[in-house]
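A short worksheet on the structure shown next.
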Amino acid sequence: VDETEVHRLDAVLSAFDNAAFATDADRRILWMSRGMTSAYGTEHLLGKDSLTQMHPDDVEAARDLFVAARAHPRRKVRGSG
């Protein structure tokens, strides 16, 4: 991926006030939106399994979304809690 595109995408996504984050294939948090960092901070979340940071009632649905996203990487997967 072109570095310019990486910076452009990061700038656009960082502007979101919503709590959005990106993970690797093992669900470790790699990037967080400005809204997420404002609400939760960053130091203690980066590199952590995102499922361990969720309310227990939300974990099963979130795990299902991760499975769907990995099975169909080009499709949009959405969920809300």
Side-chain angles (χ1 to χ4, degrees):
V1 174
D2 182 294
E3 285 298 314
T4 302
E5 292 300 316
V6 169
H7 292 291
R8 193 174 292 151
L9 179 61
D10 184 61
V12 169
L13 293 175
S14 290
F16 281 123
D17 285 332
N18 297 7
F21 60 93
T23 68
D24 63 11
D26 295 319
R27 299 184 310 258
R28 288 184 302 248
I29 298 172
L30 301 176
W31 172 89
M32 297 173 5
S33 67
R34 187 176 305 149
M36 183 112 169
T37 58
S38 294
Y40 304 106
T42 58
E43 296 302 318
H44 68 285
L45 292 178
L46 290 176
K48 301 285 172 89
D49 181 337
S50 57
L51 294 181
T52 65
Q53 307 306 310
M54 295 179 186
H55 188 278
D57 293 345
D58 298 328
V59 170
E60 184 177 351
R63 184 176 286 122
D64 292 345
L65 288 170
F66 279 111
V67 169
R70 289 196 68 194
H72 306 285
R74 302 247 184 252
R75 291 187 190 163
K76 187 182 292 186
V77 177
R78 287 186 168 189
S80 63

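Residue numbers start at 1 and run along the sequence shown.
- To the nearest 0.5 angstrom, Thr37 atom OG1 is 13.5 Å from Phe21 atom CZ.
- Of all heavy-atom pairs between Ala62 and Met54, the closest is CB-SD, 3.4 Å.
- Among residues at least two apart or in separate chains, salt bridge (Lys or Arg N to Asp or Glu O under 4.0 Å) pairs with a member in residues 19-33 are Asp24-Arg28, Asp26-Arg28, Arg27-Asp49.
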Evaluate the criterion salt bridge (charged side-chain N to carboxylate O under 4.0 Å, His left out) for residue pair Glu60 and Arg63; output intermediate values, then yes/no. CA-CA 5 Å; Glu60 184 177 351; Arg63 184 176 286 122; over 6 Å; no

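- His72 is not listed as a side-chain neighbour of Val77, based on a closest heavy-atom distance of 4.5 Å or more.
- Separation of atoms CG (Leu46) and CD1 (Ile29) is listed at 7.0 Å; rounding is to 0.5 Å.
- The line from CZ of Phe66 to CG of Leu51 is 5.5 Å long, rounded to the nearest 0.5 Å.
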